[in-house]
Amino acid sequence: MHEDDTVVAFMDLHPVTPGHVLVVPRAHAVGLEDLDEDTGAQVWSVGHRLARALRRSGLPCEGINLFVCDGEAAWQTVFHFHLHVIPRSAGDGWEVSPESDVERGRSHLDAEAQAIRRAFR
């Protein structure tokens, strides 16, 4: 499907929808924190190009999910970083429920943002 010096892309053996593709760096990285920025940029660039190709492919594709599972708590089961490029259509049967009834107060949001800003530097 795609291959260069940095990444390979291939069909997922257990797709959640037809056309589900994985983009995998050649160099081992367990998760995002282990991925160097240049490799990460190439993973996302290839993922973007594959998303465009999926929309033009004739496969059912009304939308795209780019999905990363980083850590066991985030459903990572293969501990080599990879990006899922998943074509989506209404009623395709795959579901990730992003809705939450929890609303964070401004003071909590500000404190969390401050902690992230400190760690980002």
Checklist entry - Do any N or O atoms from the side chain of Q76 and from the backbone of V30 form a donor-acceptor pair under 3.5 angstrom? => result yes

Item to check | Q42 side chain reached by D38 side chain, heavy atoms, under 4.5 Å | outcome: no

Next on the checklist: For a side-chain contact (heavy atoms from CB on, under 4.5 Å) check, start with the C-alpha distance between V23 and W44, then their side-chain angles and the critical distance, and finish with the verdict.
Outcome noted: CA-CA 8 Å; V23 182; W44 289 98; over 6 Å; no

Checklist entry - At their closest point, which heavy atom of P25 faces which heavy atom of F81, and how far apart are they? => result CD-O, 3.2 Å

Item to check | Nearest atoms (heavy-atom pairs only) where G47 meets L66 | outcome: O-CD2, 4.4 Å

Item to check | Side-chain touch V21/F10, heavy atoms, less than 4.5 angstrom | outcome: no

Next on the checklist: Looking at Q114, I'd like to know if its CD atom is crowded, meaning that more than 12 non-hydrogen atoms belonging to other residues, nucleotides or ligands lie closer than 6.0 Å.
Outcome noted: yes

Checklist entry - Looking at CG of D70 and CH2 of W75, how far apart are the two atoms once the value is rounded to the nearest 0.5 Å? => result 13.5 Å

Checklist outcome for this item: A74 and C69 have their tightest heavy-atom pair at O-CB, 3.2 Å

Checklist outcome for this item: dist L54:CG -> R49:CZ (nearest 0.5 Å) comes out at 13.0 Å

Item to check | Spacing of I86 atom CD1 and L50 atom CG [to the nearest 0.5 Å] | outcome: 12.5 Å

Checklist entry - Is there a side-chain contact between V85 and F67, using heavy atoms and a 4.5 Å cut-off? => result no

Checklist entry - Any donor and acceptor pair, going by atom type alone, linking the side chain of E62 with main-chain N or O of A90 inside 3.5 Å? => result yes

Checklist entry - Mind checking what makes salt bridge (Lys or Arg N to Asp or Glu O under 4.0 Å) contact with R104, not counting sequence neighbours? => result E112

Next on the checklist: Tell me whether R26 is salt-bridged to E3, with the criterion being a basic N under 4.0 Å from an acidic carboxylate O.
Outcome noted: yes

Checklist outcome for this item: dist M11:CE -> L22:CG (nearest 0.5 Å) comes out at 9.0 Å

Item to check | Connected via hydrophobic side-chain network under 4.5 Å: V16 and I64 | outcome: no

Item to check | Minimum-distance pair of heavy atoms, taken over all atoms of P18 and P87 | outcome: O-CG, 3.0 Å

Checklist entry - Is atom NE2 of H80 surrounded by more than 12 heavy atoms (other residues, nucleotides or ligands) closer than 6.0 Å? => result yes

Checklist entry - Going by atom types only, do D110 and H108 share a side-chain donor-acceptor pair under 3.5 Å? => result no

Checklist entry - Applying the side-chain hydrogen bond (donor to acceptor under 3.5 Å, both in side chains) test to N65, which of H84, R88, H20 qualifies? => result R88

Checklist entry - Would you say W94 has more than 12 foreign heavy atoms packed within less than 6.0 Å of its CH2? => result yes

Checklist entry - Same cluster for V24 and V68 if Ile/Leu/Val/Met/Phe/Trp/Tyr side chains link at under 4.5 Å? => result no

Item to check | Atom pair OG1 (T39) and CG (D34), whose distance is rounded to the nearest 0.5 Å | outcome: 11.5 Å

Checklist entry - Between CZ of R55 and SG of C61, what distance do you get to the nearest 0.5 Å? => result 5.5 Å

Checklist outcome for this item: Paired with V46, the side chain to side chain contact (heavy atoms under 4.5 Å, CB included) test is passed by just one of D4, T6, L83, namely D4

Checklist entry - Is H28 atom NE2 crowded by more than 12 heavy atoms from other residues, nucleotides or ligands, each under 6.0 Å away? => result yes

